[in-house]
There are 2 protein chains.
Amino acid sequence: MTIESDELAPARKTGAALVDDLADRIRNRIMTGEIPIGAQLRQAELASDFGVSRTPVREALRQLQTSGLIEVLPNRGAVVSVPAPWDVREAYEVRAELEALAAARAVRRITRDQIEQLRVANREMYDYSLARSTGTAPDERDHRRSNDLFHTLIASISGNARLAKAINDINETFPRNVSAQLIVNDSRHRDENFREHERILQALADGDAERAAAEMRQHVVDAGEQLARWYELRSSTVFRGE
Amino acid sequence: MTIESDELAPARKTGAALVDDLADRIRNRIMTGEIPIGAQLRQAELASDFGVSRTPVREALRQLQTSGLIEVLPNRGAVVSVPAPWDVREAYEVRAELEALAAARAVRRITRDQIEQLRVANREMYDYSLARSTGTAPDERDHRRSNDLFHTLIASISGNARLAKAINDINETFPRNVSAQLIVNDSRHRDENFREHERILQALADGDAERAAAEMRQHVVDAGEQLARWYELRSSTVFRGE
DNA sequence: GGGTCGCTTTGTGGATCCAATCTTAAGCAT
DNA sequence: ATGCTTAAGATTGGATCCACAAAGCGACCC
């Protein structure tokens, strides 16, 4: 908490920090649906939005391309990738295995406090989605945050940073607003999601690594199947803009 | 005067293709040990080496940074990451889980021909490393290729492109010449590696998914442990250049 | 009236420019 | 000799420039 005047200037980021920051902000716009699937990304527009030149924007786009979130067409710019249902299933199968491993590892390291934290996150998520469905909450972002927290907490408790990163890498491939909306809008999905989380939690609390892994694997595969179905439906529908 | 053949100019790459190509070539230099661990990467040098300007080189470096192969220090350029032993263990634990999944999936899809292909790759690898240890072969690159082939083949047979990519992403984090040298130079490691591959192969041939996964998991964890030990030894030794 | 050719516009992408920063080394003082 | 200050050189990193490619548009020809 220094009163140093370094605070005055917004500490203009530079280099890798700037590029990563730009990538984050662009990714966020996609994750929340602000930039919809299939939309074009104009370098000049992004650059002026963020108050930088096109150079760092291009580097950020290149990163997003590597992660698969966007596709860059030669001389024609970048578009937000439209996930193929089969790709969703493949990705979620991998994610399921990784999160299962995370849950199994977490059993040996989780504390009583952390279990309570997870319980709170799960309860919060349920409350948010209920509020949303009754029209109280304005958007699904709170819900998404709580749901993400549940999973990232377990990943971090696993104590394997690489594992957490691998899981995150896969998640960053698909816009998150879609899966959030699925849970929020469909009461069956909502309840099921809540109960699956509860079961995972119980296994963690019981110290049963085997069961925690199995429950987690099933949970993620289920979620992937829901998401894949949504994209299937979408692609079979006549496109009519966002 | 130049002949009007477009063939002479090697179809100059551009855009993503160029950047990916540069990243590949730089990664290769690191993987083979041509650029050793901890070495500096100068943008201008790489640019002139590859006959391009610094702009695409920087984008390529950014990609390698994201994958973790190099570290970029603000205003001070990039250096090849020096893997920490604990990071190696973590990464290989993840890789083990992924490859185990790949092996389990491969059981249901593998053909008789592919089993034979794997057997050949494994045999080749053994022959290469024997030749190397008796001084016949000049380097470990052939060995590395065969070993990589064994693993990438199984990953691709799994039929899950995401899975193959996830495995590859982890592998690209660590220079490969080290693990190859380990196997080539130590006859105990060499024999063990060969036999572990054989056991995986047998499980695949028997159609036993459970065992294939278990054998593969063990094999990768073992390899990771060897590699981690090597880096431990290295870091505890007084640095004396490469 | 439909299709094709060519011009114009828009945007990407590598090359270049220059400011900012880090490193090195020399100079100066203690 | 040691340590601090400062000037020069090297290198990064964002901004700008310009060549090229692709989509849009209109005129012209059949």
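This structure is a prediction, so every number in the text was calculated from the model and none was measured. Any value given below was found using the heavy atoms of this structure, including those in side chains, with hydrogens, waters and symmetry copies removed. All chains are named by letter (A, B, ...) in the order of the sequence lines, taking the proteins before the strands, and each is independently numbered beginning at 1.
Computed from coordinates, the A:Lys13 NZ to C:dT21 P distance equals 17 Å when rounded to whole Å. Put simply, CG on B:Leu22 is 13 Å from C1' on C:dG13, counting in whole angstrom units. Between the C1' atom of D:dT11 and the CD atom of B:Glu45 lies a distance of 13 Å, rounded to the nearest Å. Separating the CG atom of A:Asp21 from the P atom of D:dG13 is a distance of 16 Å, rounded to the nearest angstrom. A straight line from CG of A:Asp20 to C1' of D:dG13 spans 14 Å, rounded to a whole angstrom. Summarising the geometry, the separation between CG on B:Asn75 and P on C:dC18 is reported as 19 Å, rounded to the nearest angstrom. Distance CG (B:Leu18) to C1' (C:dA15): 12 Å, rounded to an integer number of Å. With rounding to whole Å, B:Gln40 atom CD is found 14 Å from C:dC22 atom P.
For A:Arg58, a side-chain nitrogen or oxygen approaches OP1 or OP2 of C:dG14 to under 4.0 Å. Checking the phosphate oxygens (OP1, OP2) of C:dT16, no side-chain nitrogen or oxygen of B:Arg54 falls inside 4.0 Å. Contact annotation: A:Gln43 side-chain N/O to C:dG11 OP1/OP2 distance is not under 4.0 Å. A close approach under 4.0 Å does not occur between any side-chain nitrogen or oxygen of B:Arg76 and OP1 or OP2 of D:dG13.
The side chain of B:Arg42 approaches D:dT11 more closely than any other nucleotide in the set C:dT12, C:dG14, D:dT11. Taking only side-chain atoms of B:Thr55, from C-beta outward, the nucleotide of C:dC22, C:dG14, D:dG14 with the closest atom is C:dG14. The side chain of B:Val72 lies closest to D:dG13, out of D:dG14, D:dG13, C:dT16.
Note on B:Leu61: nothing from the nucleic acid sits closer than 4.0 angstrom, heavy atoms only. A:Leu41 comes within 4.0 angstrom of the backbone, heavy atoms only, and of no base.
Atom CD of A:Gln43 is separated from atom OG of A:Ser53 by 10.0 Å, given to the nearest 0.5 angstrom. Taken from CG in B:Leu61 to CG in B:Leu46, the straight-line distance is 6.0 Å, to the nearest 0.5 Å.
At a cut-off of 3.5 Å, with distance as the only test, a side-chain donor of A:Arg162 or B:Thr173 sits close to an acceptor on the other residue. In summary, the side chains of B:Glu172 and B:Asn168 do present a donor paired with an acceptor at a separation below 3.5 Å, with no hydrogens or angles considered.
Between B:Arg95 and B:Glu99, the shortest heavy-atom contact is NE-OE2, 2.6 Å.
Residues A:Pro74 and A:Val52 each lie close to DNA chain D; by heavy-atom proximity, the contact nearer the 5' end of the strand is made by A:Val52.
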